[in-house]
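Keep in mind that this is a model prediction, so the values were computed, not measured. Atom set for the values below is all heavy atoms of this structure, side chains included, hydrogens, waters and symmetry mates excluded. Just follow the structure's listing: the first ligand is 1, and inside any ligand the first atom is 1.
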Amino acid sequence: MTDLPISADLIADRNHAHREALEDDYAALGRKLARAGIDIDAVKAKVAQFSVAVPSWGAGRGGTRFAKFPIPGEPTNIHEKLEDCAVIQQLGRTTPRVSPHFPWDKVSDYKALREEAAALGLGFDAVNSNTFQDQPGQAHTYANGSLAAQDAATRQQAVDHNIECIEIGKQLGSTDLTVWVGDGTNFPGQQDLGRSLDRYLEAAAKIYAALPDDWRMLLEHKMFEPAFYSTVISDWGSSILAAQELGPKAKCLVDLGHHAPNVNIEQIVARLHRFGKLGGFHFNDSKYGDDDLDSGAINPHQLFLVFNELAEAEANPREGFNPSYMIDQSHNVTDPIESMLSSAESITQCYAKAALVDRAALHAAQEANDTMMAFQALRRAYNTDVAPILAMARMEAGGAIDVLEAYRLSQYRSRKAQERKPVGLGAGIV
Ligand code: RM4
Ligand code: MN
Ligand code: MN
């Protein structure tokens, strides 16, 4: 039994109004692609099976350390967040799973939560642990670190929390644990850079030992914030070394905002895959650092190049290719539902464009050292407007051709503003 939040009649009415124009655009694009030997329906079929998870913590308005500006009707608990994620999936059809964060999404009955999600057409993706904040009543503070803390009892508390997340995840149907820690330093000399990594590895091994056979532990690196001089898992190098030390179920997770400025992220993707350690992504965009802006809003070309490497990896799976895709954004000035609808579309567009790359032409040009034609193979795909393919796949799956129009017409947010309690002021996400 599903109980979806947006009226199916509204979606059908609007799709009826847009259908003829879409069929026109789809046919024109189909003819253009056919001239290049590409079957548009085959690309549409690929797009239809593509999915990316949405973060439960992205459903509410985010903020900065300066302020947060809530909007009426935003969710304040996991039940309301699930309902909002169901809107995104119902209209967009590419986000069937939610990635929960604990303890933010803690409930007393996870079996019931899983059923609640299923009734909304949703499942669960990776569970995320949180040892970067103290919680009320917590025995040991994370002020000096968690998995890498000097204090053994603090490290054990962080390990226990991660193991609890695995237990919760089992009940929710997850098979990945994402571990990002805020551990690091703000001053040179504050901690021994070598010994803090040793402590991290020893604690992470205890979590690893608790992973079920079919689970993965996704290590997420981040160069700075909240620590501004050093972080314990600062870059993809530290991440892959830790993953190699832990074992085959440990993989690296690439958050697009967690690198040094101007780093070649697509090359990192290729490297991690080369060594069988590419575990997943947190998609977002950034101008300066971990800005958590909407995917594709700042640098859509980089996003395309990342997907181009993913397409290469898929064609050449080496030690398996099964990265988990998630959005990880902070929606500070938009309605989070609108941002995630738009972001999921940007991500899927880059996936579709990467699928259009003429790989034979690209590889031949690479072999012949024909730089310009190699570049043009990518350029042709990047310059193709794939919007009709996505819209057609969405419509056929029951979603809306124009997702933002349908969302606004539904007046979902203003309806929720009548029902939901207002969010308190204050900074930060949850
Ligand atoms: C971090 C990192 C983690 C996310 C938290 C909320 O910067 O991206 O993935 O769980 O933010
Ligand atoms: Mn992240
Ligand atoms: Mn981040």
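The atom of His258 nearest to the Mn ion (ligand 3) is NE2, with the search restricted to N, O or S atoms. The atom name of the N/O/S atom in Asp328 closest to the Mn ion (ligand 2) is OD2. When the N, O or S atoms of Glu220 are ranked by distance to the Mn ion (ligand 2), OE2 comes first. Within His282, ND1 is the N, O or S atom that lies nearest to the Mn ion (ligand 2). Looking at Asp255, its N, O or S atom nearest to the Mn ion (ligand 2) turns out to be OD2. Among heteroatoms of the N, O or S kind in Asp290, OD2 lies nearest the Mn ion (ligand 3).
Note on Glu225: not counted as a metal contact of the Mn ion (ligand 3), no N/O/S atom lying under 2.8 Å.
Salt bridge absent: Arg93 and Glu396 never bring a charged side-chain N and a carboxylate O closer than 4.0 Å. Ion pairing between a basic and an acidic side chain is recognised when a charged N comes within 4.0 Å of a carboxylate O; Arg420 and Asp84 show such pairing. Salt-bridge formation is detected for the pair Lys106/Glu164: a Lys NZ or Arg NE/NH1/NH2 atom is positioned less than 4.0 Å from an Asp or Glu carboxylate oxygen.
Residue-to-ligand polar distances place Glu220 within reach of ligand 1: an N/O pair is separated by less than 3.5 Å. In terms of N/O distances under 3.5 Å, ligand 1 is not approached by Trp180. Taking only nitrogen or oxygen atoms, main chain and side chain alike, Trp57 does not reach within less than 3.5 Å of ligand 1.
If you run side-chain hydrogen bond (donor to acceptor under 3.5 Å, both in side chains) between His258 and each of Asp328, Asp290, Asp235, only Asp290 comes through.
Atoms CD1 and CG, from Ile327 and Asp292 in turn, are 11.5 Å apart once rounded to the nearest 0.5 Å.
The closest approach between any non-hydrogen atom of Glu225 and ligand 1 is not below 4.0 Å.
Of the N and O atoms on the side chains of Asn144 and Asp151, not one donor lies less than 3.5 Å from an acceptor on the other residue. Between the side chains of His331 and Glu338, no donor N or O sits under 3.5 Å from an acceptor N or O.
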